[in-house]
Amino acid sequence: MTADDSYDRLDDDDYPAYTMGRAAELLGTTQGFLRAIGEARLITPLRSAGGHRRYSRYQLRIAARARELVDGGTPIEAACRIVVLEDQLEEAQRINAEYRRGSQPADPTVAA
């Protein structure tokens, strides 16, 4: 892998670039919180060759949403479930929008 390849990965939302300590620091939370949402299977961090957890920016966004809910008084298990359902809803809405765009007539003057 070249240095250019490494820099390209930094723009990848799924690249596990953050250690547990750095992820907790960025989120303003504890490493225990990250372990808890991992145990609840909200996110599954990748492991380095040495067995250390590594988090992607996408996972940090999910963890931040869970933390927001927990900070608002939602139990951690419920917060994790809510985040999963929100993600599923967003994906379903995206698919529906694509379907609607694909089912529209090419000529807007033609009635369906």
Side-chain angles (χ1 to χ4, degrees):
M1 174 183 295
T2 68
D4 287 340
D5 293 337
S6 296
Y7 291 128
D8 288 343
R9 288 184 168 198
L10 293 176
D11 290 333
D12 182 354
D13 264 0
D14 295 318
Y15 182 68
Y18 301 95
T19 63
M20 177 180 269
R22 182 66 177 137
E25 180 183 321
L26 287 169
L27 295 172
T29 192
T30 64
Q31 293 181 14
F33 176 79
L34 291 173
R35 283 188 204 94
I37 63 174
E39 289 170 11
R41 295 192 173 140
L42 178 61
I43 58 175
T44 304
L46 290 169
R47 298 282 182 150
S48 69
H52 300 282
R53 291 174 179 90
R54 299 281 190 244
Y55 297 88
S56 68
R57 288 189 306 200
Y58 174 74
Q59 290 173 322
L60 294 184
R61 283 195 300 275
I62 291 172
R65 176 62 180 136
R67 181 173 184 259
E68 181 181 299
L69 291 166
V70 169
D71 286 351
T74 304
I76 196 160
E77 297 81 12
C80 291
R81 184 67 181 137
I82 289 167
V83 172
V84 167
L85 291 170
E86 287 174 341
D87 192 51
Q88 289 173 346
L89 176 60
E90 184 180 319
E91 178 68 8
Q93 289 172 330
R94 184 190 63 75
I95 291 168
N96 273 343
E98 285 178 13
Y99 176 75
R100 279 191 217 110
R101 282 191 299 271
S103 65
Q104 293 177 355
D107 184 353
T109 60
V110 176

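Index from 1, following the sequence.
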Legend entry - Full working for side-chain contact (heavy atoms from CB on, under 4.5 Å) between I37 and C80: CA-CA 7 Å; I37 63 174; C80 291; 3.9 Å; yes
Would the distance check show the side chain of [X] and the main-chain N or O of [Y] forming a donor-acceptor pair, the cut-off being under 3.5 Å?
X   : Y   : value
R54 : P45 : no
T74 : A78 : no
Q59 : S56 : yes

Inset, instruction - Could you tell me whether R94 atom CZ has more than 12 heavy atoms of other residues or ligands within 6.0 Å of it? - result: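 Atom CZ in R94 is packed in, count exceeds 12.
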Inset, instruction - Evaluate whether atom CD of E90 has more than 12 neighbouring non-hydrogen atoms of other residues, nucleotides or ligands under 6.0 angstrom away. - result: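 No, CD of E90 has 12 or fewer neighbouring heavy atoms, counting only those of other groups under 6.0 Å.
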Legend entry - Side-chain touch L42/I76, heavy atoms, less than 4.5 angstrom: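 Side chain of L42 against side chain of I76, heavy atoms only: no contact under 4.5 Å found.
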Inset, instruction - Please tell me if the side chains of R47 and R53 come closer than 4.5 Å, counting only heavy atoms from C-beta onward. - result: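 Yes, at least one pair of side-chain atoms sits under 4.5 Å.
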How many angstroms lie between [atom1] in [X] and [atom2] in [Y], if you round to the nearest 0.5 Å?
X   : Y   : atom1 : atom2 : result
E86 : L89 : CD    : CG    : 8.5 Å
I82 : E77 : CD1   : CD    : 11.5 Å
R57 : I62 : CZ    : CD1   : 13.5 Å
E25 : M20 : CD    : CE    : 14.0 Å

Inset, instruction - Evaluate the criterion side-chain contact (heavy atoms from CB on, under 4.5 Å) for residue pair L46 and Y55; output intermediate values, then yes/no. - result: CA-CA 7 Å; L46 290 169; Y55 297 88; over 6 Å; no
Inset, instruction - Apply side-chain contact (heavy atoms from CB on, under 4.5 Å) to D13 and R61, showing your working. - result: CA-CA 10 Å; D13 264 0; R61 283 195 300 275; 2.7 Å; yes
Legend entry - SB check R65 D87 (cutoff 4.0 Å):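 A salt bridge is absent here (no side-chain N lies under 4.0 Å from a carboxylate O).
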Legend entry - Salt bridge present between E39 and R35 (N-O < 4.0 angstrom):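 No, this pair does not count.
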Inset, instruction - Identify whether Y15 and Y58 are in the same connected component of the hydrophobic contact network (ILVMFWY, side-chain heavy atoms under 4.5 Å). - result: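 No, no single cluster joins them.
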Legend entry - Closest non-hydrogen atom pair between A23 and L60, with its separation: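 Minimum heavy-atom contact is CB-CD2, 3.4 Å.
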